[in-house]
Amino acid sequence: MNITRKWAATKQRAIEILIRLKRLYPEADCTLNYQTPVQLLVATILSAQCTDERVNQVTPELFRRFPDAQAIAHAEIEELEQLIRSTGFYRNKAKNIQGACRAIVEKHNHQVPKRMELLVELPGVARKTANVVLANAYGINQGVTVDTHVKRLSNRLGLTENTDPVKIERDLIRLLPQEDWENWSIRLIYHGRAVCTAKKPACDRCELADLCPAADLSLLSNVLG
DNA sequence: ATCCCGAGGG
DNA sequence: CCCTCTGGAT
């Protein structure tokens, strides 16, 4: 049997994986709390390397004190730092949310830009954050969120074979139906945390194992090892 | 100890 | 490619 042919990165296989992930993780909505696109942008910047739940613990007070871009732009940086301290990386994040809000006030007429090229110019915003904001604030599913989990899983699943997140995103976009891009990446991330972990993937209880070329190798190494 | 739904800088 | 930034959960 030709391995390459068996595990070709076809749309059909990608969609089968997507259907299973949708069954495994039915709720893939953004769990950040926010009222406006600016608040979502701020919350998403804060969510770097910490959980949405912890971000949701600090944003009520943060947005009560500083409800919009104008207020955050003029806040005392020390007060911002204190309000977001528990989300980690708080000095960088405070500087970034204030810098982003100042740019939004001064260059974007108080609105979060709707284009990737403009979003990634904001401090603290790269493709990951931009995709989350575009998808959830504006319903624009222009891209796939490629973080370390998505990178690892899509390569293990044989959908991509790249280390460059931009190339991985490009390849995934070719394989996936547009309306599910953002939710698909979130489900991959869930699966990466729960089952297909970096160090010790649980292939024995993975519901994608029969669709996964890396599962064969892992099971084989278990047998041999 | 190790990891987190990252981003920026060298 | 590497490193740093940080608190909190497990």
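Below, chain A is the first sequence line, B the second, and so on; all start at residue 1.
Within residues 127-141 of chain A, the residues approached by DNA chain B to less than 4.0 Å at the level of any non-hydrogen atom are A:K128, A:T129, in residue-number order. Of the residues in residues 48-57 of chain A, those placing a heavy atom less than 4.0 Å from an atom of DNA chain C are A:Q49, A:R54, in numerical order.
Of the side-chain N and O atoms in A:H149, none sit less than 4.0 angstrom from OP1 or OP2 of B:dC3. Residue A:R91 places no side-chain N or O under 4.0 Å from the OP1 or OP2 atom of C:dC5.
Separating the NZ atom of A:K151 from the P atom of B:dA7 is a distance of 12 Å, rounded to the nearest angstrom. Separating the CD1 atom of A:I84 from the P atom of B:dA7 is a distance of 15 Å, rounded to the nearest angstrom. As rounded to whole Å, 7 Å separates atom P of B:dG6 from atom CD1 of A:I189.
Checked for salt-bridge contact, A:R13 and A:E16 miss the test: no charged N lies under 4.0 Å from a carboxylate O.
A 4.5 Å side-chain heavy-atom check between A:L122 and A:T129 finds every atom pair outside the cut-off. Residues A:P165 and A:R127 form no side-chain contact, since every pair of their non-hydrogen atoms from C-beta on lies 4.5 Å or further apart. Between A:P177 and A:L18 the shortest side-chain heavy-atom distance falls below 4.5 Å. The shortest distance between side-chain heavy atoms of A:L46 and A:L62 falls below 4.5 Å.
Partners of A:Y190 by ring pair (Phe, Tyr, Trp, His ring centres under 6.0 Å), not counting sequence neighbours, listed by chain and number: A:Y25.
Here the side chain of A:K114 pairs no donor or acceptor atom with the backbone of A:Y138 at under 3.5 angstrom.
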* Applying side-chain hydrogen bond (donor to acceptor under 3.5 Å, both in side chains), run through A:Q82 and A:R85 and close with a yes or a no. => CA-CA 5 Å; A:Q82 286 313 117; A:R85 172 179 281 277; 3.2 Å; yes
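Note on A:V150: nothing from the nucleic acid sits closer than 4.0 angstrom, heavy atoms only.
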